[in-house]
**Student:** 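I have a structure here, written as structure tokens, and I will follow up with some questions on it.
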Amino acid sequence: MFINALLIFVTLVVGAILLATYRRVPVKLEQSEHVHHIVRELFTLEVALKEYRFLRLPRAARQWHASSGRLDLYLQDLDNGLVDPTLTGALRDAHEEIDALFETLPATPLRMPTRLEQRVSDHVEAKIHDMLLWSQMMAVTLHMQLEDAHRRANVLVLSFAAAIVLVMVGMQAFFRRTILQPLGTLERGARRIGHGEFGRPLAQHADDEIGHLTGVFNEMSNNLHHLTRAREEFISAAIHEIKTPVAVIKTSVQFLEQFPPEQREKRLPQMLARVDRQCNRLDRLVTDVLEVTRLDLQRAELRRRPTDVAELVERVVAEMQSVSPRHRLVIARGDAVEAEIDPDRVEQVVFNMLDNAIKYSPSGGDVDVSLYREGDAFVISVRDRGIGIAAEKQERIFERFFRAHAGTRYEHAASLGVGLYLSREISRRHGGNMWFESREGEGATFYVRLPITPDSKGASA
Amino acid sequence: MSATTKWSARRSDGGSLVLVVDDDPDLLELVGEVLVDRGYRVALASNGVEALECIEKEVPRLVLLDMRMPVMDGWTFARHLRERWGRSIPVVVMTAAEDSKLRADEIGADSDLGKPFDLRRLHEVVEDTLAD
């Protein structure tokens, strides 16, 4: 922006000088004209003098006076400093002198000139010649000045043209650097992302509009990159997760097969329970993956129906208790709640809450589950006494694919990083919300608050 | 039966002791049952810390090790194991990771049992490793 202002300033200055120079040229031209008139009048005076002196014409004195008057006017006009003032002064003095001398002569020439007249005439003629010489000097000087002014004007015109060209070249270079190049970089960056390559962030040239755009672009690229990587990790984690239940089911079946029927019998209940649990796990995994996709596509529709929430909570607690013998799941409070909800999805939420509570309290202990009414809404809370959530990660735990404990020793094989995201989305679709309280090392309590009927406003808190 | 069992009650007499470490109780018990059926003695642990406690009580002939576990993961456990016992106890890695071979090399494992495995593969790997 500074370069722009500088270029415009230079152009204006050059233009102003050019204009001033050109305004002086007509004045000089006028002066030059005056000098020519003076020379002409001087010749006229000489002619008048000769007519008086030699031809003894009576009109000669009249001619002299007419011409002398005009010469006086021209000499007055010369006085504006362009011409050497001493020269102008000398011309004026000489003019007065010869005019005064001529006046001494008789108005009508006598038949024969007197001796005095001869001397006066000689003197006047000599003076006129002097004046002619001075005038010519003046003319030459003015001519030279004019030439000089023209030359200077030409130089200025050329400089002006050069300045304009420079300004244009400068502007172009400036625009190339500030607009075209950054735009080119942006274009290449966009193309790279189009091909799925998220390289380093683009360099931000300046703190202008394009710089700002580049910043936004980098942010977008970064977010896209994270989302893409998170998605890849999610898919990879989901696939890994599927492998363990498959291994258990496959091995269980093969193990049973190698026994004769009568020996199978006693192992059957335990094996079947195990296969059933692992099938449920597979089912949940697949549901999670599907739900994430559906929520992404905004296609998840709730299938609300009147549901006994207390019964639902008890059912999930019982199921989770069976897979985690080292924790004690306690229903601390269980109000009777009948609500119009999507039971499958709410079950998923409760399952996720319990699953997290169990996963992140590895040394076991009590997990308290509560269900209670609060106005037009009901709240389910799950409290564990586990590792808690670090303060710096609390903000992000509801993010899709975010795994708060990734990279720590609590990183859990069975975490896809979608449980909390899904749970909160489901709560929101019900018109409710989900939140938590936690301190690192002191466990966490998660709350879900849902309205009892779709139109009650109970969950607005 | 509890997943926290450090010393399984299913120890049969005479066989070699195999330590199985995995955080999934179903998988842990199933592998235990399969090996007991084949005449091995089995110790079960659901994470690295429990596994180290088991080894203090009796040195196993073989460790079947899952990598991703809470409390102490497979890598940390393997490092402790190598520091304390050198390479005298063979380790077989069980992991769902696609690069399980690479992971196995990383900790100097003697073999790997990728997931999903099956009964035949489980027997094969255990027998081969014990035969070496």
Side-chain angles (χ1 to χ4, degrees), chain A residues 235-259 263-264 266-267 270-282 285 322-327 358-364 386-387 403 405-415, chain B residues 1-6 10 20-38 44-50 64-77 79 94-100 103 113-126:
Chain A
I235 291 167
S236 149
I239 290 168
H240 288 177
E241 273 305 285
I242 287 169
K243 286 181 174 171
T244 303
V246 169
V248 171
I249 293 166
K250 211 165 156 186
T251 312
S252 300
V253 172
Q254 290 175 346
F255 184 59
L256 275 181
E257 270 178 345
Q258 61 181 7
F259 297 107
Q263 283 184 40
R264 257 179 228 168
K266 67 173 173 37
R267 298 176 195 265
Q270 203 192 359
M271 285 292 179
L272 285 181
R274 194 176 283 150
V275 167
D276 187 45
R277 273 197 299 273
Q278 296 294 330
C279 282
N280 284 345
R281 192 169 149 189
L282 274 178
L285 273 166
S322 71
V323 291
S324 181
R326 76 164 81 182
H327 296 86
I358 288 165
K359 269 194 292 200
Y360 299 115
S361 45
S363 28
I387 57 175
R403 303 200 322 225
H405 302 286
T408 71
R409 65 203 184 96
Y410 300 108
E411 174 165 359
H412 209 282
S415 169
Chain B
M1 111 132 238
S2 158
T4 54
T5 311
K6 281 154 195 148
R10 305 147 187 246
V20 187
V21 194
D22 197 304
D23 63 327
D24 187 279
D26 277 341
L27 187 123
L28 194 63
E29 283 175 34
L30 176 66
V31 172
E33 211 174 320
V34 167
L35 293 176
V36 166
D37 186 64
R38 274 286 166 123
L44 304 178
S46 64
N47 62 54
V49 172
E50 288 178 11
L64 288 178
L65 180 66
D66 185 26
M67 300 314 284
R68 280 170 68 164
M69 292 177 294
V71 187
M72 183 194 278
D73 64 28
W75 290 276
T76 317
F77 167 75
R79 214 176 49 241
M94 310 183 284
T95 175
E98 287 137 19
D99 49 353
S100 60
R103 295 293 167 95
L113 182 65
K115 284 181 192 169
F117 53 80
D118 58 17
L119 195 65
R120 196 177 46 84
R121 173 102 183 107
L122 179 65
H123 287 318
E124 234 174 60
V125 169
V126 170

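Chain naming here is simple, since letters A, B, ... match the order of the sequence lines and numbering starts at 1 in each. Treat the numbers as computed from the prediction; the structure is a model and nothing was measured.
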**Student:** When rounded to the nearest 0.5 angstrom, what is the spacing between CE in M67(B) and CE in M94(B)?
**Tutor:** 10.5 Å
**Student:** Given that the side chain runs from C-beta out, which part of D22(B) has a heavy atom under 4.5 Å from chain A: side chain, backbone, both or neither?
**Tutor:**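 Neither; nothing under 4.5 Å.
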**Student:** Does any backbone or side-chain atom of Q258(A) lie under 4.5 Å from a heavy atom of chain B? Answer side chain, backbone, both or neither.
**Tutor:** side chain
**Student:** Here's a test for you: under side chain to side chain contact (heavy atoms under 4.5 Å, CB included), which of R264(A), M271(A), K250(A) qualifies with F255(A)?
**Tutor:**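 Between F255(A) and the candidates, side chain to side chain contact (heavy atoms under 4.5 Å, CB included) is satisfied uniquely by M271(A).
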**Student:** Can a donor-acceptor pair be found between the side chains of S363(A) and R326(A) at a distance below 3.5 Å?
**Tutor:** no
**Student:** Quick one: what part of D24(B) sits under 4.5 Å from any heavy atom of chain A, side chain, backbone, both or neither?
**Tutor:**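 D24(B) touches chain A through side-chain heavy atoms alone.
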**Student:** Considering non-hydrogen atoms only, spot the tightest contact between A45(B) and L28(B) and give its length.
**Tutor:**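 Where A45(B) meets L28(B) most closely, the heavy atoms are O-CD1, 3.6 Å.
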